[in-house]
Number of protein chains: 2
Amino acid sequence: MAFTLRQLQYFISVAEEGTVSGAAQSLSISQSAVTDAIKELESDLGVTLFERHRRGLTITHKGHQFYRHATRILASVSDARRSFGEAEAPVGGNLQLGVTSLVAGYVLSDLLARYRRAYPGVNVTAIEDNGDYLEHLLIGGELDVAVMVISNLRDRVALQAEIFETSPYRLWLPLGHRLGGADIISVSDIVPEPLIMLTVDETEENTGKLLAAFSARPNVAFRTRSVEAVRSLVATGAGIALLPDLVYRPWSLEGDRIESRDISGALPVVQVGMVWRRGSRLTQAARDFIGLAQQQHAPRGRAAQER
Amino acid sequence: MAFTLRQLQYFISVAEEGTVSGAAQSLSISQSAVTDAIKELESDLGVTLFERHRRGLTITHKGHQFYRHATRILASVSDARRSFGEAEAPVGGNLQLGVTSLVAGYVLSDLLARYRRAYPGVNVTAIEDNGDYLEHLLIGGELDVAVMVISNLRDRVALQAEIFETSPYRLWLPLGHRLGGADIISVSDIVPEPLIMLTVDETEENTGKLLAAFSARPNVAFRTRSVEAVRSLVATGAGIALLPDLVYRPWSLEGDRIESRDISGALPVVQVGMVWRRGSRLTQAARDFIGLAQQQHAPRGRAAQER
DNA sequence: GGAAGTTATCGGATTTTCCGATAGCAGATG
DNA sequence: CATCTGCTATCGGAAAATCCGATAACTTCC
């Protein structure tokens with residue numbers, strides 16, 4: 001337990017700004033202090049969090065891993081602070097959530113845990129379905145809020161959306177793949193490779209568009225609805241995959257390791273966020289949920305100013 | 001975000017030891033340092049965490065509230081540390097959990113969240129039933145581990161148990177109750193009061209025994225299986241309740257406040273823990289679960305030594 | 001009244017943290 | 001090619017935090 005909350009704060013800021021100087025400015029602190037903090041943190045963990053770069057620094061895989069924990073810790077701290085904030089007007093009632101399957105395991109679980117902790121009186125129910133159907137339910141008033149991929153939201157008139165996480169597409173490779181050593185990977189490199197396709201939410205559609213933009217037809221070796229299956233298939237060398245970073249984990253179920261790489265070029269990102277019906281009066285429970293989610297992954301700016 | 005992880009560590013130690021000196025000794029640190037840290041923490045939060053007492057110090061209600069958050073934060077920190085500990089041998093497989101209803105909402109949810117985070121590959125299923133039936137399933141090999149109240153475990157030959165939390169009984173009162181102002185509350189004070197009885201797990205049996213030890217027959221005004229109902233009934237003045245501290249929350253569903261008080265005298269405590277079949281080879285998933293739970297609420301001693 | 005136990009307080013030593021300046025490096029620019 | 005710009009690493013000293021030891025004040029128990 002040697003590292004400090006302050007170090008975590010600096011680390012997160014650096015990870016998000018992508019540069020020490022930027023983080024220092026955003027924290028209104030000197031640059032050397034940030035450098036020291038990061039160095040101290042790394043030596044304490046015994047892990048290199050960033051790769052020093054000519055122009056800024058890019059986060060390591062382990063750094064990314066630690067980033068998740070760090071944000072979680074700071075969220076807990078924020079909860080603790082707020083817990084006896086202002087009388088905590090305890091709300092009861094119901095909250096009807098909708099969620100798409102990709103988001104369910106990777107985004108909603110944390111969010112829901114925090115929400116239940118903060119508002120234990122609310123009775124939460126959640127259903128999982130595809131995005132179109134969720135939109136239908138939202139418009140019909142049968143759902144309060146949906147957490148979903150909103151990059152391709154259909155009805156932007158009746159529905160209001162708020163992004164709270166954007167996740168870039170990354171390339172998943174088995175360890176030792178020929179592309180693993182390449183300095184730069186471009187889309188044309190991956191076109192001939194056999195591709196493992198996840199057929200959940202809109203990932204298939206997106207990946208198809210992605211490659212079509214380079215006038216390439218993907219060489220699809222497998223289709224599956226299970227992220228775990230994609231991991232196993234990639235790990236055992238059945239192919240490579242192109243998936244948003246938020247579902248990436250460095251190992252498969254059986255323990256085989258996989259690797260994830262950035263792809264050069266401006267590939268689109270997946271936007272995860274909340275959707276609710278525009279103009280409809282939200283219940284207190286829904287407002288609280290939205291507020292919590294907003295503050296989960298957006299508050300970096302404010303957090304910096306608060307200092 | 002001003003307080004420090006160190007302060008949290010000291011705070012937890014004081015809360016558990018019940019005295020600054022004891023905490024200082026357990027942390028192998030000077031007493032004044034602990035006093036300073038607590039005082040700093042209190043002034044930062046703007047809340048008094050402890051009531052200074054002639055003989056040690058007792059935790060405030062808000063202190064208790066903060067304690068929960070503090071342990072959660074430190075658990076997250078520990079997770080972050082361990083996350084890239086040693087290759088993280090990723091296990092798959094299944095884990096069959098059993099849980100009694102009281103424990104499900106108040107103990108298991110946190111534990112399960114941490115477990116899924118640490119071992120995302122394991123497929124967890126849980127069933128909720130009464131203690132006797134869980135014992136039956138454990139012996140039959142249909143459950144890997146059960147999380148339950150183990151104070152009155154029947155079969156201690158075939159089953160092995162490990163406590164990881166003990167929760168004292170406390171008295172729940174509506175705000176402004178005549179006993180709320182009393183300096184000391186003894187069992188004889190509460191005997192004539194109408195009692196709200198929770199008929200879940202073994203709480204009814206325990207409460208009965210408790211009062212019977214003072215040769216008193218409880219004056220039961222209500223029986224219910226819902227903790228929420230107990231809160232509402234207590235808050236609206238229908239009676240008082242005698243329940244383990246781990247289910248205490250200071251407000252009812254409707255927002256009415258309730259209060260909890262210590263009772264003088266050595267009342268028994270509820271022991272929550274895990275149970276598994278003695279001698280049977282546990283699966284890796286079960287061993288991991290047990291290890292995580294052990295380290296959730298027991299590591300204070302070790303944590304102190306690690307310093 | 002004294003002994004033993006507790007927490008609070010204070011001054012000084014030690015350690016951590018921060019800052020500002022400087023050096024070094026890579027790319028952009030003239 | 002020289003120069004400028006934007007970035008990180010390093011270093012010494014200042015500032016702040018943390019810790020310690022001693023002491024005071026109080027309560028309980030003998």
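In what follows, chains are A, B, ... by sequence order, proteins preceding strands, each numbered from 1.
By the side chain to side chain donor-acceptor pair (under 3.5 Å) test, A:H64 pairs with A:D245, sequence neighbours left out. For B:D36, the side-chain contact (heavy atoms from CB on, under 4.5 Å) test picks out B:K39, with sequence neighbours left out. Applying the side chain to side chain donor-acceptor pair (under 3.5 Å) criterion to B:S167, with sequence neighbours excluded, gives no partner residue. Applying the side-chain contact (heavy atoms from CB on, under 4.5 Å) rule to B:T19 yields the partners B:S21; only residues at least two apart in sequence or on another chain are considered. Residues that satisfy the side-chain contact (heavy atoms from CB on, under 4.5 Å) test with B:R52, not counting sequence neighbours, are B:I38, B:E42, B:F50, B:L57.
Distance CG (A:L41) to C1' (C:dT16): 15 Å, rounded to an integer number of Å. Taking atom CG on B:L27 and atom P on D:dT18, their separation rounds to 15 Å, with Å as the unit. Separating the CD1 atom of A:I29 from the C1' atom of C:dC18 is a distance of 7 Å, rounded to the nearest angstrom. Taking atom CD of residue B:Q7 and atom C1' of nucleotide D:dA16, one finds them 14 Å apart after rounding to whole Å. When rounded to the nearest whole Å, the span between CG of B:D44 and P of D:dA16 equals 18 Å. As rounded to whole Å, 11 Å separates atom P of D:dC19 from atom CD1 of B:I38. Atom CD of A:E51 is separated from atom P of C:dA26 by 16 Å (rounded to the nearest Å). For the pair B:Q25 CD and D:dC20 P, the interatomic distance rounds to 14 Å; values are reported in whole Å.
At least one side-chain nitrogen or oxygen of A:T4 sits closer than 4.0 Å to the OP1 or OP2 atom of C:dT17. Put simply, B:R6 has a side-chain N or O that comes within less than 4.0 Å of OP1 or OP2 on D:dC19.
For the residue pair B:S260 / B:R170, a side-chain donor-acceptor distance below 3.5 Å is found, with atom types taken as modelled.
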Contact letters for nucleotides 2-12 of chain C, in which S counts primed atoms plus P, OP1 and OP2 and B counts the base, heavy atoms under 4.0 Å: ---SSBBB---
